[in-house]
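Okay, structure first, notes after.
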Amino acid sequence: MAEQASLGEGNRTGQPDDPAAAAWLLVLDVLEMAVNAAERTLNDPLGPLSAPLHQQESALPVQRWSPPVLSGPLPPEARRRAMALSAAQERVAKRLEAAKQDVSRQLHALSTVPSLSSPSRAVYLDVQG
């Protein structure tokens with residue numbers, strides 16, 4: 001009888017035969033999707049709101065992800081992918097922090113503009129020039 005396919009080969013569906021390796025690959029898939037979603041948001045902060053009116057897109061619901069309990073260590077064949085994911089997460093985290101600081105600066109600048117609703121001082125408009 002032939003030996004079962006090794007961990008890296010997987011079965012006909014493209015999934016590894018080892019359930020622990022399949023769980024790790026699923027975790028990597030989810031984390032990669034989250035990094036891609038964060039990059040899309042950084043590139044287009046309005047997301048579906050920036051789409052033309054005739055091209056309606058709906059925003060995806062935000063669900064909090066809870067990592068599964070994994071029964072074994074990261075498989076060696078997934079190490080390169082995990083390292084690339086880690087680098088992508090760091091890159092996106094830096095971009096998110098820079099965007100956060102930019103928004104903070106903009107909010108601070110906005111807070112220095114006097115409000116029209118507070119009649120704390122008279123405002124005159126010279127219409128004759």
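Note that these values count all heavy atoms, side chains included, but never hydrogens, waters or copies made by symmetry.
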| query | Hey, what else clusters with Leu107 if you join Ile, Leu, Val, Met, Phe, Trp, Tyr whenever side-chain heavy atoms sit under 4.5 Å? | reply | Val103

| message | Once rounded to the nearest 0.5 Å, what's the spacing between atom CG of Leu42 and atom CG of Leu96? | response | 4.5 Å

| message | Less than 4.5 Å apart, side chain to side chain, heavy atoms only: is that true for Arg81 and Asp29? | response | yes

| query | Between Gln106 and Asp102, is any side-chain donor less than 3.5 angstrom from a side-chain acceptor? | reply | yes

| note | Residue set satisfying side-chain hydrogen bond (donor to acceptor under 3.5 Å, both in side chains) with Glu90, at least two apart, ordered chain then number -> none

| query | Short question: side chain of Ser86, backbone of Met83 - any donor-acceptor pair under 3.5 Å? | reply | no

| remark: CZ of Arg40 to CE of Met33, rounded to nearest 0.5 Å, is 10.0 Å

| What's the spacing between Glu39 CD and Arg95 CZ if we round to 0.5 Å? | 6.5 Å

Please tabulate, for side-chain N and O atoms in residues 68-76, each donor-acceptor pair with protein atoms closer than 3.5 Å (sequence neighbours left out).
none

